[in-house]
Asker: 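Structure below; questions to follow.
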Amino acid sequence: MIPLWIFPIAVTCGNTFILKPSEKDPGASVMLAELAMEAGLPNGVLNIVHGTNEIINGICDDDDIKAISFVGPNAVGAYVYARASAKGKRTQSNIGAKNHAVIMPDASVGATINALVAAGFGGAGQKCMALNMAVFVGGLGPWEEKLVEHAKALKVTSGTEPDAELGPVISKQEKERIITLIQTGVESGAKLVLDGRNIVVAGYENGNFIGPTILSDVTVNMECYKEDIFGPVLLCMQADSIEEAINIVNGNKYSNGASIFTTSGVAARKFQTEVEVGQVGINVPISVPLPFSSFISAKPSFAGDVSFDGKAGIQFYTQVKTVTQQWRDLVSDDSSSHQLPSS
């Protein structure tokens, strides 16, 4: 998804493009490049490079590279933005995220539960737009049993299996980090409603799997809430009113998107007006717009002047020129008359 936000617009605007995918999962980027070549894109227009720190520094420092788009972890994104900006490059950086779902008491139960499970656990939660924080207005009680039932029914297995619904997390180190954050939540007073830490997947006993995990009674001062878990963990908290729920969303330092689930047009309008995030969803599990709109992040989740796609993407990958012309009386025989410019 992320390369397709970026390189098609850059290339269409007349640029050549260097794509450095994550060293942990470069396969999809290579496939996209192969498809671009098959479609007739000339050699050298789209280039894939692999590597880690040395390659990142080289891209930031190279004088021939005029603009950089980055999506990834907080620390790396801040580093890229600072280093590339210091070199005078046009730079945009999309980093940490905490995406909230606000569930009103009048929300459609079946559709909302399906949305929370799909958006919270899809891709093992390893998506910048995963709904990993659910705020239940009026309490979790009426929702808990069905939420656990649907989450437990997910098929956890290797992502290469045709019936897989939830695959492994990307590395052993990430699995350990996620498990640590779950444990800190429990130790801080959160209730472990569904524990997926000790799941064993037949045939893949040594895989980096975490099953669907649900924590309730989460508060804003818990480490598991403050940090981006980036795993199949749904954090649940409660609010007494829509005003309190909106304040919870707005009080978080990272915000890509937030969705509200309700059958009330009044509640939906209040939410979309007052919530301080880039992407707003109404009864939509993942509030990512179609490509002709712009992916917009708010607060520290985004650093830069304009966004990745849509009209903003075209602005980012082009350089505006102003041309001032005059064609009349280019040749004058009156050498004694001089008009000084007024500005």
Side-chain angles (χ1 to χ4, degrees), residues 1-73 76-77 80-81 83-84 87 89-95 97 122-124 126-130 158-160 162 164 167 170-171 230 256 278-279 286-297 302-321:
M1 179 184 72
I2 291 168
L4 289 174
W5 281 351
I6 301 171
F7 81 75
I9 295 177
V11 168
T12 301
C13 289
N15 303 282
T16 56
F17 195 88
I18 297 171
L19 175 59
K20 195 214 85 67
S22 167
E23 65 278 6
K24 297 177 181 178
D25 59 347
S29 295
V30 174
M31 293 175 189
L32 288 171
E34 291 171 347
L35 289 171
M37 293 178 65
E38 183 181 326
L41 194 68
N43 290 338
V45 175
L46 174 60
N47 309 274
I48 310 291
V49 297
H50 301 284
T52 54
N53 298 349
E54 184 178 353
I55 299 299
I56 292 172
N57 289 338
I59 290 173
C60 290
D61 296 345
D62 194 300
D63 291 337
D64 291 329
I65 296 174
K66 305 302 181 186
I68 293 178
S69 299
F70 175 86
V71 179
V76 183
V80 168
Y81 185 80
R83 184 160 183 151
K87 295 289 184 178
K89 300 183 191 302
R90 184 178 294 184
T91 309
Q92 54 185 191
S93 182
N94 208 110
I95 51 176
Q126 299 172 116
K127 300 183 292 186
C128 62
M129 290 304 296
S158 168
T160 57
I170 197 165
S171 68
F230 220 64
N256 267 352
Q279 314 288 336
I286 298 180
S287 54
V288 176
L290 293 172
F292 45 76
S293 299
S294 288
F295 184 96
I296 301 169
S297 291
F302 183 80
D305 294 327
V306 294
S307 189
F308 291 94
D309 46 12
K311 291 182 179 178
I314 295 173
Q315 292 173 346
F316 185 80
Y317 287 112
T318 54
Q319 178 62 56
V320 175
K321 292 180 179 179

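Any value given below was found using the heavy atoms of this structure, including those in side chains, with hydrogens, waters and symmetry copies removed.
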Asker: Rounded to the nearest 0.5 Å, how far does CD of Glu34 lie from CG of Leu46?
Answerer: 11.0 Å

Asker: Quick one: does any side-chain atom of Asp62 pair with a main-chain N or O of Ile59 as donor and acceptor, under 3.5 Å?
Answerer: no

Asker: Are side-chain heavy atoms of Leu32 and Pro3 found at a separation under 4.5 Å?
Answerer: yes

Asker: If you look at every heavy atom in Gly51 and Glu23, which pair is closest and at what distance?
Answerer: O-OE1, 3.6 Å

Asker: Show the nearest heavy-atom pair for residues Gly77 and Phe70, with the distance to one decimal.
Answerer: CA-CE2, 3.2 Å

Asker: Between Trp5 and Ser69, is any pair of side-chain heavy atoms under 4.5 Å apart?
Answerer: no

Asker: Determine, step by step, whether Leu35 and Glu38 satisfy the side-chain contact (heavy atoms from CB on, under 4.5 Å) criterion, reporting the C-alpha distance in whole Å, the side-chain angles of both residues, the deciding distance to 0.1 Å, and the verdict.
Answerer: CA-CA 5 Å; Leu35 289 171; Glu38 183 181 326; 4.2 Å; yes

Asker: List the atom of Cys60, the atom of Arg83, and the distance in Å for their closest heavy-atom pair.
Answerer: CB-CG, 3.8 Å

Asker: For Asn15, enumerate each residue passing the side-chain hydrogen bond (donor to acceptor under 3.5 Å, both in side chains) test, keeping only those at least two apart in sequence or located in another chain.
Answerer: none

Asker: Backbone N or O of Ser158 within a donor-acceptor pair of the Thr160 side chain at under 3.5 Å?
Answerer: no

Asker: Supply the atom-to-atom distance Ile6 CD1 to Ile68 CD1, rounded to the nearest 0.5 angstrom.
Answerer: 11.5 Å

Asker: What verdict does the side-chain contact (heavy atoms from CB on, under 4.5 Å) test give for Asp61 and Lys87, after you've listed the backbone C-alpha separation in whole Å, the side-chain angles of each residue and the deciding distance to 0.1 Å?
Answerer: CA-CA 7 Å; Asp61 296 345; Lys87 295 289 184 178; 3.3 Å; yes

Asker: Measure up the Phe17 and Phe7 rings against each other and bin them: parallel (under 30°), tilted (30 to 60°), perpendicular (over 60°).
Answerer: tilted

Asker: For Thr12, what residues pass the side-chain contact (heavy atoms from CB on, under 4.5 Å) criterion, not counting sequence neighbours?
Answerer: none

Asker: Quick check on Glu54: does its CD atom have over 12 non-hydrogen neighbours (other residues, nucleotides or ligands) under 6.0 Å away?
Answerer: no

Asker: Compare every heavy atom of Ile65 with every heavy atom of Lys89, then report the nearest pair and how far apart it is.
Answerer: NZ-O, 2.7 Å

Asker: Kindly give the heavy-atom pair with the smallest separation between Gly167 and Ala124, and that separation in Å.
Answerer: O-CB, 3.6 Å

Asker: Please check this pair: side chain of Lys66 against backbone of Asp63, looking for a donor-acceptor N/O pair closer than 3.5 Å.
Answerer: yes

Asker: Atom CG in Asn47, atom CD1 in Ile18: separation rounded to 0.5 Å?
Answerer: 6.0 Å

Asker: Do you know the tightest heavy-atom contact between Gln92 and Tyr317?
Answerer: OE1-OH, 4.1 Å

